Structure formats: structure tokens, C-alpha cells
4 protein chains.
Amino acid sequence: MKALVYHGPGQISLDERPVPELSFATDAIVRMRWSTICGTDLHIVKGDVPTCEPGRVLGHEGVGVVEKVGPSVTAFAPGDKVLISCITACGKCEACRRGMYSHCADGGWILGNRIDGTQAEYVRIPHADTSLYPVPADASEESLVMLSDVLPTGFECGVLNGKVSPGSTVAIIGAGPIGLASLLTARFYSPSSLIVIDPDPHRLEVARRLGATRCVPSDREDPVQAVMLETGYLGADRVIEAVGIPSTFELCQSVVAIGGTIANVGVHGAPAPLHLEKLWDRNLTITTRLVDTVSTPMLLKTVHAGTLDPQVLISHRFALAETLDAYDVFTRAAQTHAIKLLIDCRSDAAQ
Amino acid sequence: MKALVYHGPGQISLDERPVPELSFATDAIVRMRWSTICGTDLHIVKGDVPTCEPGRVLGHEGVGVVEKVGPSVTAFAPGDKVLISCITACGKCEACRRGMYSHCADGGWILGNRIDGTQAEYVRIPHADTSLYPVPADASEESLVMLSDVLPTGFECGVLNGKVSPGSTVAIIGAGPIGLASLLTARFYSPSSLIVIDPDPHRLEVARRLGATRCVPSDREDPVQAVMLETGYLGADRVIEAVGIPSTFELCQSVVAIGGTIANVGVHGAPAPLHLEKLWDRNLTITTRLVDTVSTPMLLKTVHAGTLDPQVLISHRFALAETLDAYDVFTRAAQTHAIKLLIDCRSDAAQ
Amino acid sequence: MKALVYHGPGQISLDERPVPELSFATDAIVRMRWSTICGTDLHIVKGDVPTCEPGRVLGHEGVGVVEKVGPSVTAFAPGDKVLISCITACGKCEACRRGMYSHCADGGWILGNRIDGTQAEYVRIPHADTSLYPVPADASEESLVMLSDVLPTGFECGVLNGKVSPGSTVAIIGAGPIGLASLLTARFYSPSSLIVIDPDPHRLEVARRLGATRCVPSDREDPVQAVMLETGYLGADRVIEAVGIPSTFELCQSVVAIGGTIANVGVHGAPAPLHLEKLWDRNLTITTRLVDTVSTPMLLKTVHAGTLDPQVLISHRFALAETLDAYDVFTRAAQTHAIKLLIDCRSDAAQ
Amino acid sequence: MKALVYHGPGQISLDERPVPELSFATDAIVRMRWSTICGTDLHIVKGDVPTCEPGRVLGHEGVGVVEKVGPSVTAFAPGDKVLISCITACGKCEACRRGMYSHCADGGWILGNRIDGTQAEYVRIPHADTSLYPVPADASEESLVMLSDVLPTGFECGVLNGKVSPGSTVAIIGAGPIGLASLLTARFYSPSSLIVIDPDPHRLEVARRLGATRCVPSDREDPVQAVMLETGYLGADRVIEAVGIPSTFELCQSVVAIGGTIANVGVHGAPAPLHLEKLWDRNLTITTRLVDTVSTPMLLKTVHAGTLDPQVLISHRFALAETLDAYDVFTRAAQTHAIKLLIDCRSDAAQ
């Protein structure tokens, strides 16, 4: 089969690889139909993720069809259309029992990281019963690829942890895919303001289309001043960090209201100063989280009900054979206006 | 009347001052019976609290008897024995309505800071109806001085924000008055471990007496290693920072379990590094808080029920005339083994 | 002044009454601009509310202008436009401190019940600082009358207590003003289904316009069967009772899902059977509540943000001089299609 | 093997039965060491539980040693000492994912009900990985039998649902095993009063020993009056129903404070009147629940920490061969003073 393989920092190629086999009784083999690329895939390619070794098939998102299941799999059968969660969950360990699948003792974020992933024609999914979700008959498969990672991440790490609530003022720092996913799912709770801060005018334009009530081009306007004006000089009740660098995390601290929350979603590579000398008495809550994908069933319901349209995040489409181009387009997002790319893994199989 | 007055960095004296008068219709004048000294009083004396100007009577804790009330005061009358909250609350502003008295638009921590305080024979209490609490007939007045600040602070900022719960493992960094107050009130929730970390052997001895299940002398033992051993190498579920310097806040980050909480109680004077490069995916909650004293009625009930004995925090006693000595003893706590001092403000009046 | 006065069961008239005076230092006198009639006013007229004695001016909702304030009122001054909460709150008692204004020791629902109310040209408002809310400059005054009672009631007693959440299925029993208010505010949380059950086709039509996803005419269709079909035979996650009779409360028990909630909003006059023999093991939560109006500031924000349009509840308009007609129209809601009526209390004053 | 078998209403006997075999890949066969009898076993014997058919081995509690495991079992191996949860959980279905194991699509309360149970020498446990818990090396096996059902039931259905909290006043109606389990675990949260109501003087004496602050002999003293006196005429903040008949559920309604909770734990056979005409405006929360045993890991920690001593519930001991006597003693609890009986299932095996 064709698969996008990581060969060390800066090196990826579309290789021919053997179709994966069942390794454990709880495995399923899924024939991929649609996949996508995540910001963390770019981190891997840069060499920032030491757990991902050369030779690894990348990708942790996608929709496909079950091809085979191990003898312990009871919830799925060959032919079932499935959504693949970016988080593998055994469902049995203490972390899983607490709903913290991200830290599953035999799972977590392993797809396209510690084991081969979804940017391929087939993928092996461990603990299939608790790591796959049935695709409803009437659902848009393409849309649901956005439910593998980006939407639950924006929702759980940003919106739920940030405690977005009706009437609250929300500031989202960063209008990349994760920031936009936070924006889309923040709207579930009817905040009174949704301020989005980013230097990229195209991304701000998308944010506006998706419901931002105020877009702040952070290279041309002081974002602290903008948030203060927008919130009657109180600061934003809920602040979502969707970039992952010290300066944006510091910006969060400058715009958050007394009694507010800072929900970190960004993947950070360095420490950031926490200004406790100013914040110790401001009754703040700051959270970090790797997505657990516990909200996937709920998100499926909102898609089914028409409350959430994940399609709006898809900016480009590629065939699996063009995945290297897709990486190029996604890497140069500022020029290409890429948000989320859809990779059609069926293309080669269909020839 | 006699009052302990701040005259600028390093300068305090026991001065003769006029008895305060009612200034607003919601004021009460309270004749002090008992007061104490707080760590923040030492911060003021060092010159670290710019809102406190020379000429200020210090002190924000105490028990006394109502002497006079303004025409709008309805909950208290002359002769009533009252507990003075360290936080003044108007009860009307948006912050007060949300239970965040610490950020009351016309109050907050003002006693002995922006207005004259309680280390005196008399004190003026603004918004008396919502800033004083009746002392139950059978209560030990002396004990209740511990409910003005130190116990609600340890409880609200440490235990409630830290979400201490039955069966959880708790690490408290710092066994000063606030750390010990967190320890005492953490026990309300029956955690399975209560690890206290401090370099001072006397304070650790007190911690052990008050219920710590493991005391770590941080100058002679690696506290990270100690917490890991004690928690099966998971880290502590709930970590309470009760010191207020960058190194102890960093220690919190090293000992907290995945999915855990860090509740900051310490008063910080400098930023601390937040190791987001390690913590971004660990599902943590970090909180800061100035005490709101919303738990005062509840704490009064636990004292009444015998569940909490605040007396155990009192290490020394002084007359108001000896308050300078009290400051000296409290400043040299390592040598004097001071925890909380009781100042008998009645002494001069009684002569 | 003109005022609608209750003279005993079945007897109301528009009388000439003296303009109220300040009685307590915390009072305000408000010149009424707009008022409305509540279902509980009809209960009073039927003689069902023993706390309301003959001679009482009715009404507990409205918007007006402050005419005079007592010496302890600090948040409002003559000339301020104000929203009157149906609940009077002293802000000081234990209930108020817990946010349970409905059971304020010196307030609660007293307007137009234990003291004279708002269906008049002037009204005395006790504890004005904590019982009135400023009307924003750009707000529609008429709309805000819906924030005195009906919208906070639907929201707090129905939606918040019912824990409506994104993706959940919601059944609302009763499409009167309170049921519709629950419907409007349930939408803050993006449920996936909003099923409304009522025998009245007009009310169902209004419900559909306001966002119901399924309307069940309970006289022509089995509501249990309808909810089951709509929810995949699981029952509704959240059920809101907005009628107040035993049969509708029993209906709630028949349509609620395992693990679900029943939030009672209706005013009941008789006990209802609770089928514990069927429900003891179904992990249910059942709540009752008199509105606290703690959500008023938040609701004002959602109106300001355009998320909530209270105007949609207003079906008829009357001058104060026509209030008897208004009662008649409201009483015959099935024929008149009345939802909420707006009473223009300015009319006489303006002449 | 020997097993206690239900043969229809009123008929049980100790029969010889074949040792159970593995039926599914997720099964384990457990050699029983200790079991006990539950109130629901008596319901079965009375014929009140239609899901339990004649021929069934009774019992859903116990501690044993794993004898064999199916191929999909990964968390346990032969020789492991295990605590058997009364609730079987697949860990995969929507209910299990929500932590509502009681309503597992392929489990719930099935042991000794829909499938053969634990009052035997061996038992088959479905979904072993998520329905068994490892017994810590240093634990008292006998004690842990109390963690199969009675303690998690008292804790989850009574204490957690009832929201027992520090300083709160708690009334427990019924001092049988479940009421006493609620009492023991309510103490985790340091309430200020723990009032226990029961007609049986022996049970009240046990309650007093286990920490009740006030015991009300309901046949000789008006329990409503007693609770009112004890709570300053406010009523109890949290009320736990641990009997299961209409009159005790009505008593709960008479003693609960405004803003309080009624947590139903009792198994009911008939509807009870809910006095909505009095309670609609009292801001109450009423809950029902079948135990989920999600708290089992936490309870194991509290036992390990010495915070909870389950042993105190054990009043009598029997060998498996004497199980009919045990049923007799348990049925006549008023005379025999039985609380929980320990059945030594090893006895025959050991001969």
C-alpha cells in the first residue's frame, strides 16, 4: 500500500509499505477513505517529537471502513464505516476510567507517533472498540475527519476547560485550525463576545465568517488594548491559547479578566513566564490538556443535528498520491491559506 | 487609643491615635479584643505593598465588640461580639454577587492596607453588615481570630481551588501558617496522603501533629523523590503552593500528577517559569486566588461542631502594648517557632 | 396614581391609590414605564396565594425610572432607568450570600404579593441596590420587562437546573410563557433536539418559530411515543416541566432518559406521584426552584449581544388604564393567543 | 461445587452445582473466598425481582482468587486476588463511557440476578477486566467484601448524590447496612451534624458508635421535630433515604432544608407522593441511582490509608455450608442484630 513515511527530521516520502496485520485481539484493520494533516505532523517532520522514530507512517486522523477485526473486538465488524479517534483508549486503565483517554496506560496519542498512522491506505487501530466511532449512515464522511482531532481538541482543551458560558467574553489567541475549532465550538455556549487575535488577515477573515464578533490583526493593532476596549476594560472572561509560544501565553495573561480562565491548547516547546507577581491575587484558572476525545459522541450528535458544520474548516483537497504536495501547502499556510486539508486515501485503491 | 502604625519601609511604632469615627452609613466601629499578625503585614513593613501608605494602622484580622454602627447597618448592634473578615465586601457589586468578595468594587483587602486596621484598640469597619460575622455565644473568641484570614485562605485558595477530595494525594509546599491552615482544612476531605514539604524541622513537627502523613525536610531530602515514592511514582493529585517564590512554584510543577491541580496560595513578588514544554499535555489545572472569605460561615460551623480547632495554630500571646515584640517574634519565626501570634487588644483598655 | 388592586378571590379593579413613599433607607420609589402580567398573578386572583391579602397592588415585573431613593441606596439615583427583579434581595442574609435570593430573609417574592407591586404608576422597591438592575442605554425597555421574571425563571429553574448541554435532547412540557422562556434560553446551550409538548396548536406554532425541533400536540399524539421516537427510544436527557399539574409531572417521569434530569418550573397546587418503584435505579436528578434572578446580569449581556431577543414573547399591548382587559385577555390565552402582554404604565402619566 | 440457589419465591437451598466455565473471551472464573448477603437478595427470595429466575445462584458481592481467564482478559491472571464489583461493566458502551456502569448495555446488576452469583465456591465474572479490582497485598480480604456493594452504594447514591460537604447538616433515614454505609462515608466530608433516624435501638447504637452525632428512635420521638431542633429549625441540608418505602420518602420531604438535597438510596416497590405543592419553590434536588461502583478505586485508597474501616459493618460470620442459617439471621435482623454477614466460601474447599 501507499503510505506517507517519516524518515528523520525534514524527510518524508510516499512509500510502498505492506498492508498492516492484526497484532492483538483488540485490533482492527481499517481501510482508509479520508485523512488529513495536523500541526503536530509538522512538529514531527521538524524533528520535535522524539517518540516518533524514522520509518513511521504519519497521521492520526481519518475516516475509513473496517477491513478485519481481532477476536476481542465486539463493537465493530468488517464493512463498518468508522471515525478514527486521534487518541487510542484501552477503556480499562485508571486514566480511561476517569475519562482521561489522553493518558491511557496502553494508548493515548500513539497513532502516527509511536505506531503507524492514517496517512496510508490501511491502518491498524489498537483497542478498536474504544478508539473507533461508528459513522452515522447519513453523515458526510469528509466532515467527520474534522472530528478525529481538531474539533475535540478545540472543544475540550479550549472551550470546556476554558468554561465558555452564555454571556461570557471570549478571546482566542491564534486563528489556525485549532483556534478556529475553538471558535466553532465556543459558539455552542452563546458567549456575548468572541474576539479572535492573529496576525494573518486571511485567517481573521475566516474567523469572521465562522462567527468571531471582533477580529484583531495583532501585527497592526495592540491586542491588549483591543480586548480591553471590547470588554469594557475588564479583560476577557475566558482566554484560549491556540498558538503555543511564550509570547502568546504571556498575551493571555495580559488580557484575562479577574476571575477568568486561560485554557492552553497550543503545543509548547519552551517554558513561558507566569506573572504570579501580578496574577497571584486575580482568582484565575489556567489549564493544560491533551485532548481526550471524550466529547466525540457529543460532537457527532451536534453534527447530526446541524448545530456544527465541520466542513467549513476544509480548505484544500488532495489525493493520497499527492500527500507530499499537501504537506507543502499545509507548511506554507500563510501563503496558501490552508486551514485543514482533506486527503482522499481512496484515490489509489479506486484506480 | 494605642495602634501599631506603619511609617514607611522598616518603620513601625506603637502610637497614640484618635479613636476612629463612623464615616459612612454602612460603617461600624469595633472595639478590638483580639488581633494577630499576618505574613502580608511583614510584606508591608518591608515596603513591598505600595497601596499601604505611611501613617497606616496595620492589621486585618481580629475579634471585637461592636461599639457604634452607622444608620444603614442592620445586622449588628452595639455590644455584639464580632469576627472581622480580612476582606471587606459591599455585597452589591458584580464581584460580590459572584461570591468574589476579594475583588469587591468598594472593598477587598483594604483593612490595614488602604484604610486603618485592627492592631489597635478600635477599628472602623466599612460595609459592616457584609464584612463582620457574629461570634457564637459558646465560641472561643481567641480561636476565631484564626477565621479572619489564615483559615479561609488556606481553605479557599488551597483546598477548595485545589479540589482536595477523599482518597486523593495532597502535597503542601510550605508549612508556615498558611500551609498549616491548608493542612488543617484539607483534612475536611479525607485525602489518603497529606505530604508537607518545608526545610524547618519545627514546622514539620507541627505539621505532623496536625495530621500530615509524611513530612519532607526539603533541605535534607529531595522533595520530588519523596513525593514520587509516597505516591507510587504518580505524583500528587493536588499540590498547594504556600510559600510564594519561583523555586517552590517550580517544585509544584515537578511533583504534580497527570490530571492534577496546583493551587497557588503564596504571595509572589516575581514571575515563575511555567514549564509548558513539559506540562502542555498533562491535563493540569493551576489556580490563583485572593481569599474571598465566602467560606467563613461554613468554617464557623465546623468550629462549632468541633471538626476544626483553630487554637492549634496559636503559638505565642502578646498584649497590644507588646506588639512591636510580637512583630519581632513573628519576623524571626525560624528561631522563635512562631506560627500565629495572638494579640490581646483588651490589655490596655482593661487597665 | 392608578393601580391594579386585588380585593379578594375573583375581584380586581383599577383604583386610585396614593403614590408610595420611602419606608426604609434602602428603598427606592420607581415611576413605572412598562409592566406585564404573570401566571402567578392569575393564581392570586383565583385566591390560591394566601400570602397576598386584599388591598394589594399586583405585579412583580417591569421597567421604570427611579424617582427617589432612601439614604442607604448607593447604586441608583433619581432618573436612572431600571429593570425591576421579581425577587427582592437584601444581599446580606445567608440565602442571598449563597445566591439563593428567592429565599432572602427579608425579601424573596414579595412584590405584588406581600407588598404592593408594579401594575401601577409607581412602586416602592425595598433593598433597591440589590433588587434593581440598570437598563443599558441602547436597550429596548419593552424587551427588558421579560427579564424581570419569565426569562430568568425559564433559564434558572428549567435550563440551568435541567443542565441543558450541547448535543443533549430536551423535552419541554408546556408551551406557555415559561415553557417558551425555557425554550429560548435552552438554545444558549445548543441541544440537538428541543421537543415541545402542549395541546395548544398556536403555542406549538410559536414554539416552532422560536426554535423547537419537534412540536407534539399532546391532545392528538401520544407524547411519550413522540419523545421515544425522537430520541431513539432512550428518552429525553433533560425534561422541563412548565405546567404545574400532577399529570404533566408524571409525563416527565415517562419521557426522561436514564441518567437524565427533570427540572420542575411549574407552580403546583397538589402532590404528584413519584414513581420510585420504576425510577429508584434510573440515576435521575429532579429539581425544584423558585427563580433567584441571579442570572439577570448574564441575561442582560445576552440581550445586549443580540443572542437573546425577549421581544418575541410579547403578544399584546395595553395601556395601564386597560389592565382589566389585559387580565381578561391573559386569562383566556387559549382563545386570545396571549403569551406575554406589555402594559404601558406611562400612558396615564403621559396624558 | 456448593452454591446457594433460588428456586422461586420463598425457596432457597444449598445445592451441588457444576463449577462454571468460561463462556466469553472477556470472562474470568473466580474461586470465591468471602461473600455476603445483600438486602436485594432478600427481595429476590420474596419474589420481588422478576429478572431473577428459579435456578439462579444468588449473591453479587465477594472477594476471591482468579482461577481462569478468557483470552481477552489482560488485567488479571490466575492467582490474582480480586474484589468482585456488584456491577458488571463492559467499559465500552455509552453508559460505561459516561461512568454509569449501572446501566452498562451488556452488564449492570446481573450477578446473582440474571446470571449466577457469588454465594458459591466459584463464579463466572463477565467483562472481568472492568468488573474486578485487584486486592492490595496488605488488605484485609474480609473487609473488602464491603466494597463490592454496600459501601459504594452508600457513598455514591447517598453521599455523592446528596452532596455532603464540610459543615453541612446530614439526616440519614434508616440505619440498616446501607444507611450505615452512608454514615461511614459521609464522614469523608466532615459534616457538622450526622443525624440518624431509625426505630431499632440496636442499629442506632451502632450508628452512634460509627459517628452519628444524633440518633433519633423514630418510634419514640418525632423525627421531624428532632431534625428541626438539631438544625435550628432550618431542616437538614442533605437527606439520605436508606429504607425504600413511601413514608420514609415523605419524611425526607418534611426534614429537608430549603436549597437542600434528598438522595434516594432505598429500593422502592411503590410510588411515593412528592409534595410539589409545598416543594416547588424550595430549590431542592432529589436524586435516584443504582450504584455504578465508579468509586471503588477511590474507596480502596481510603481503606488503604486507614480513613475507612469497612470491618465495622460485619456483625456475623458463617461458613458457606451455613448460608441458609445466614439468610435466616439476616432476615431476622431486628432480633439478631445483623448488619452485614461474612460468608466464608473457602470453608468447604479448605476441608
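Heavy-atom basis, side chains included; hydrogens, waters and symmetry copies ignored. Keep in mind it's a predicted model, so treat the numbers as computed, not measured. Below, chains carry the letters A, B, ... as their sequence lines are ordered, and counting in each starts from 1.
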K.L.:
Given the options C/Arg98, C/Arg282, C/His103, which has more heavy-atom pairs under 4.5 Å with chain D than any of the others?
P.N.:
C/His103
K.L.:
Name the member of C/Gly259, C/Ala272, C/Ala263 that forms the most heavy-atom pairs with chain D at distances under 4.5 Å.
P.N.:
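Highest number of heavy-atom pairs under 4.5 Å: C/Ala272.
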K.L.:
With a 4.5 angstrom heavy-atom cut-off, could you sort out which part of C/Ser102 is near chain D: side chain, backbone, both or neither?
P.N.:
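When you check distances to chain D, only side chain atoms of C/Ser102 fall under 4.5 Å.
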K.L.:
So if I apply the side-chain contact (heavy atoms from CB on, under 4.5 Å) rule between D/Pro271 and each of C/Glu250, C/Gln253, C/His275, which one comes out positive?
P.N.:
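The side-chain contact (heavy atoms from CB on, under 4.5 Å) with D/Pro271 is passed solely by C/His275 among C/Glu250, C/Gln253, C/His275.
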K.L.:
Is C/Asn161 close to chain D through its backbone or its side chain, or both, or neither, when contacts mean heavy atoms under 4.5 Å?
P.N.:
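Contact with chain D is absent: no heavy atom of C/Asn161 under 4.5 Å.
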K.L.:
Name the option with the most non-hydrogen atom pairs under 4.5 Å to chain D; the candidates are C/Thr285, C/Thr287, C/Val267.
P.N.:
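Top option by heavy-atom pairs under 4.5 Å: C/Val267.
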K.L.:
Please flag which part of C/Ala270 lies under 4.5 Å from any non-hydrogen atom of chain D: side chain, backbone, both or neither.
P.N.:
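The backbone, not the side chain.
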K.L.:
Taking all non-hydrogen atoms of both residues, which atom of D/Thr288 and which atom of C/Leu279 are closest, and how far apart?
P.N.:
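In terms of heavy atoms, the two residues are closest at OG1-O, 2.8 Å.
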K.L.:
Measure the CG-CG distance between C/Asn264 and D/Leu284 for me, rounded to the nearest 0.5 Å.
P.N.:
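Between C/Asn264 CG and D/Leu284 CG, I get 10.5 Å after rounding to 0.5 Å.
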K.L.:
Less than 4.5 Å apart, any side-chain heavy atom of D/Asp281 and any of C/Arg289?
P.N.:
no
K.L.:
Any non-hydrogen side-chain atom of D/Val265 less than 4.5 Å from a side-chain atom of C/Trp280?
P.N.:
no
K.L.:
Check for a donor-acceptor pair, side chain of D/Asn283 on one end and backbone N or O of C/Met100 on the other, with a separation under 3.5 Å.
P.N.:
no
K.L.:
If you count heavy-atom pairs under 4.5 Å between each of C/Ile258, C/Val291, C/Asp292, C/Ile262 and chain D, which one has the most?
P.N.:
C/Ile258
